[in-house]
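Inspection log for the structure reproduced underneath, given as structure tokens.
Keep in mind that this is a model prediction, so the values were computed, not measured.
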Amino acid sequence: MLVNLRCLYLGKNMIHSTFGLQALTNLETLDLADNMISTITDLSKLPQLKTLNVSGNRLATVDDLRDLASCSQLQSLDMASNRLEAPEVVDFVMGLPLLYLKLMGNPCVSNYR
């Protein structure tokens with residue numbers, strides 16, 4: 001297995017799930033842009049994960065993102081152009097230890113007040 005892998009780019013591959021990536025414990029950068037992911041799971045098992053791009057997927061609710069709360073090293077998160085609607089999404093991501101956040105193209109951004 002590629003346990004020493006630090007960067008993985010899987011954009012535009014019709015991926016439906018993040019399950020199975022937990023074995024890549026040295027992963028620092030993960031790009032899953034433009035896939036079909038509707039829920040983030042098991043990324044909290046990647047202790048080195050600093051950069052995550054899940055833009056252009058099918059994420060819609062706070063529950064779809066809950067696993068990110070345990071990603072203690074996460075600094076950069078791109079969730080642009082998903083289906084995130086509820087204002088609670090913004091409140092949730094504001095609680096993450098991020099240095100960079102991209103949410104444009106989600107209904108929650110225009111609904112947040």
Side-chain angles (χ1 to χ4, degrees):
M1 189 69 167
L2 303 169
V3 293
N4 293 319
L5 196 64
R6 292 182 34 218
C7 298
L8 183 59
Y9 298 90
L10 294 170
K12 299 182 181 179
N13 277 293
M14 299 180 72
I15 294 170
H16 291 265
S17 172
T18 56
F19 179 76
L21 296 173
Q22 66 271 14
L24 304 174
T25 56
N26 289 306
L27 206 60
E28 295 176 8
T29 300
L30 179 58
D31 187 330
L32 293 165
D34 300 315
N35 280 293
M36 299 177 171
I37 298 166
S38 58
T39 303
I40 294 172
T41 56
D42 291 333
L43 296 189
S44 59
K45 297 175 183 169
L46 302 176
Q48 305 300 320
L49 188 64
K50 292 183 175 100
T51 302
L52 176 62
N53 184 348
V54 286
S55 63
N57 277 280
R58 296 179 177 177
L59 301 169
T61 69
V62 172
D63 288 336
D64 298 340
L65 312 174
R66 291 262 183 237
D67 192 58
L68 295 178
S70 298
C71 294
S72 61
Q73 298 299 313
L74 193 62
Q75 297 176 354
S76 175
L77 178 59
D78 186 343
M79 293 193 304
S81 301
N82 274 279
R83 300 173 180 176
L84 299 165
E85 287 189 46
E88 298 84 53
V89 168
V90 177
D91 295 334
F92 174 78
V93 293
M94 294 300 279
L96 298 175
L98 300 173
L99 298 175
Y100 173 83
L101 172 64
K102 189 171 181 182
L103 274 177
M104 69 182 210
N106 286 289
C108 66
V109 175
S110 60
N111 294 341
Y112 189 76
R113 296 176 205 271

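Not one N or O on the side chain of Asp64 forms a donor-acceptor pair closer than 3.5 Å with the backbone of Val62. A donor-acceptor pair under 3.5 Å links the side-chain atoms of Asn26 to the main chain of Val3, judged by distance alone.
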Quiz: residues 51-59 side-chain donor-acceptor pairs under 3.5 angstrom, not counting sequence neighbours:
residue	atom	partner	partner atom	Å
Asn53	OD1	Ser55	N	2.9
Asn53	OD1	Ser55	OG	2.8
Asn57	OD1	Asn35	N	3.3
Asn57	OD1	Met36	N	3.2
Asn57	OD1	Ile37	N	3.0
Asn57	ND2	Leu32	O	2.9
Asn57	ND2	Val54	O	3.1
Asn57	ND2	Ser55	O	3.3

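Gln73 approaches Pro47 most closely through the heavy-atom pair CG-O, 3.1 Å. Across every non-hydrogen atom of Ala86 and Cys108, the tightest pair is O-CB, 3.5 Å. Taking every heavy atom of both residues into account, Leu24 and Leu46 meet most closely at O-CD2, 3.2 Å.
With sequence neighbours excluded, no residue satisfies salt bridge (Lys or Arg N to Asp or Glu O under 4.0 Å) with Asp67.
Tyr100 is not connected to Met104 by any chain of hydrophobic side-chain contacts under 4.5 Å among Ile, Leu, Val, Met, Phe, Trp and Tyr, and they are in different clusters. There is a path of hydrophobic side-chain contacts, each under 4.5 Å, that joins Leu8 to Leu43.
Side-chain contact between Asn106 and Val89 is absent, with no heavy-atom pair separated by less than 4.5 Å.
Listed by first then second residue, pairs satisfying salt bridge (Lys or Arg N to Asp or Glu O under 4.0 Å) with a partner in residues 20-43 read Arg6-Glu28, Asp42-Lys45, not counting sequence neighbours.
Note that CG of Leu74 is 9.5 Å distant from CG of Leu99, once rounded to the nearest 0.5 Å. If you take OG1 on Thr29 and CD on Gln48, they are separated by 11.5 Å, rounding to the nearest 0.5 Å. Ser76 OG to Leu101 CG: the interatomic distance, rounded to the nearest 0.5 Å, is 8.5 Å. Interatomic distance, Met94 CE to Asp91 CG, rounded to the nearest 0.5 Å: 8.5 Å. Atoms CG and CG, on Leu98 and Leu77 in that order, are 5.5 Å from each other to the nearest 0.5 Å. For the atom pair CG (Leu65) and SG (Cys71), the distance works out to 11.0 Å, reported to the nearest 0.5 Å.
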